[in-house]
Undergrad: 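One structure, as structure tokens, below. Some questions next.
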Amino acid sequence: MATNRTFTMIKPDAVENGHIGAILEKIAASGFRIVAMKLTQMTTGDAKTFYGVHKERPFFGELVEYMTSGPIVAAILEKDNAVEDFRTLIGATNPEDAAEGTIRKLYAKSIGENAIHGSDSDENAAIEGAFHFSGREMF
Ligand code: UDP
Ligand code: MG
């Protein structure tokens, strides 16, 4: 199902380092409308479920520990071509490979602590948005 929505998390390192405002400003300036948003903290169970696709990967344990280490900002965003345009805005997973001006180039510390999440497909955007928000929290 094609949608014009994506899902994002400003990850614990970016929240801890005070980058929420700058990142939201960049997201808004890039034409995304905020459909739902909250400051929250994932439990170990939440993180294991959310990143379940990576459970066999060597970095899974560290990823779960990192994603539960502090608050995150979870949000659903709307824009034409939202999934692809947002992945372009955040840049490559490893900030060393991320293009100039992307959120990860500007704010990520490492391939693990990389400041922000963006859904990789319309299907996953819908699954991930529903994981964090109920229908009455969306606008
Ligand atoms: N990750 C990691 N080491 C790696 C690859 C990924 O710690 O070698 C972490 C990183 O936080 C990344 C997340 O796992 O954002 C999910 O990985 P994925 O390959 O889906 O990257 P993304 O879609 O976030 O760019
Ligand atoms: Mg991914």
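First listed ligand is number 1; within each ligand, the first listed atom is number 1.
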Undergrad: What protein heavy atom sits nearest atom 9 (C) of ligand 1, and how far off is it?
TA: Leu63 CD1, 3.8 Å

Undergrad: In terms of hydrophobic clusters joined by side-chain contacts under 4.5 Å, are Val83 and Phe32 together?
TA: no

Undergrad: Verify the cluster assignment for Phe86 and Val73: are they in a single hydrophobic cluster under the rule of side-chain heavy atoms below 4.5 Å apart?
TA: yes

Undergrad: I want to confirm something. Looking only at heavy atoms, which of His54, Arg87, Met67 is nearest to atom 19 (O) of ligand 1?
TA: His54

Undergrad: Among Phe50, Tyr66, Phe59, which one has a heavy atom closest to atom 14 (O) of ligand 1?
TA: Phe59

Undergrad: Would you call the rings of Tyr107 and His19 parallel, tilted or perpendicular if under 30° counts as parallel and over 60° as perpendicular?
TA: tilted

Undergrad: Nearest non-hydrogen atom to atom 25 (O) of ligand 1 belongs to which of Thr93, Asn94, Ile116?
TA: Thr93

Undergrad: Taking non-hydrogen atoms only, is Ile111 closer than 4.0 angstrom to ligand 1 via side chain, backbone, both or neither?
TA: both

Undergrad: Which residue and atom name correspond to the protein heavy atom nearest atom 11 (O) of ligand 1, and how close is it?
TA: Gly112 O, 2.8 Å

Undergrad: Once you restrict to heavy atoms under 4.0 Å, what part of Lys11 touches ligand 1? Side chain, backbone, both or neither.
TA: side chain

Undergrad: If you measure from CD on Glu62 to OG on Ser69, what distance do you get to the nearest 0.5 Å?
TA: 12.0 Å

Undergrad: Going by atom type alone, with no hydrogens or angles, which donor-acceptor pairs under 3.5 Å involve a side-chain atom of residues 126-133 and a protein atom two or more places apart or on another chain?
TA:
unit_1: Glu128; atom_1: OE1; unit_2: His117; atom_2: NE2; d: 2.8
unit_1: Glu128; atom_1: OE1; unit_2: Ser119; atom_2: OG; d: 2.7

Undergrad: Between Lys79 and Asp85 (salt bridge meaning N to carboxylate O under 4.0 Å), is one present in this structure?
TA: yes

Undergrad: His117 to ligand 1: N or O pair under 3.5 Å?
TA: no

Undergrad: May I ask you to test the Ile27-Leu77 pair for a side-chain heavy-atom distance under 4.5 Å?
TA: yes

Undergrad: Which of the atoms in ligand 1, numbered in the order shown and given with their element, are less than 4.0 Å from a heavy-atom of Asn114?
TA: 10 (C), 11 (O), 12 (C), 15 (O)

Undergrad: Below 3.5 Å, N or O to N or O, backbone or side chain included: is there any such pair between Arg104 and ligand 1?
TA: yes

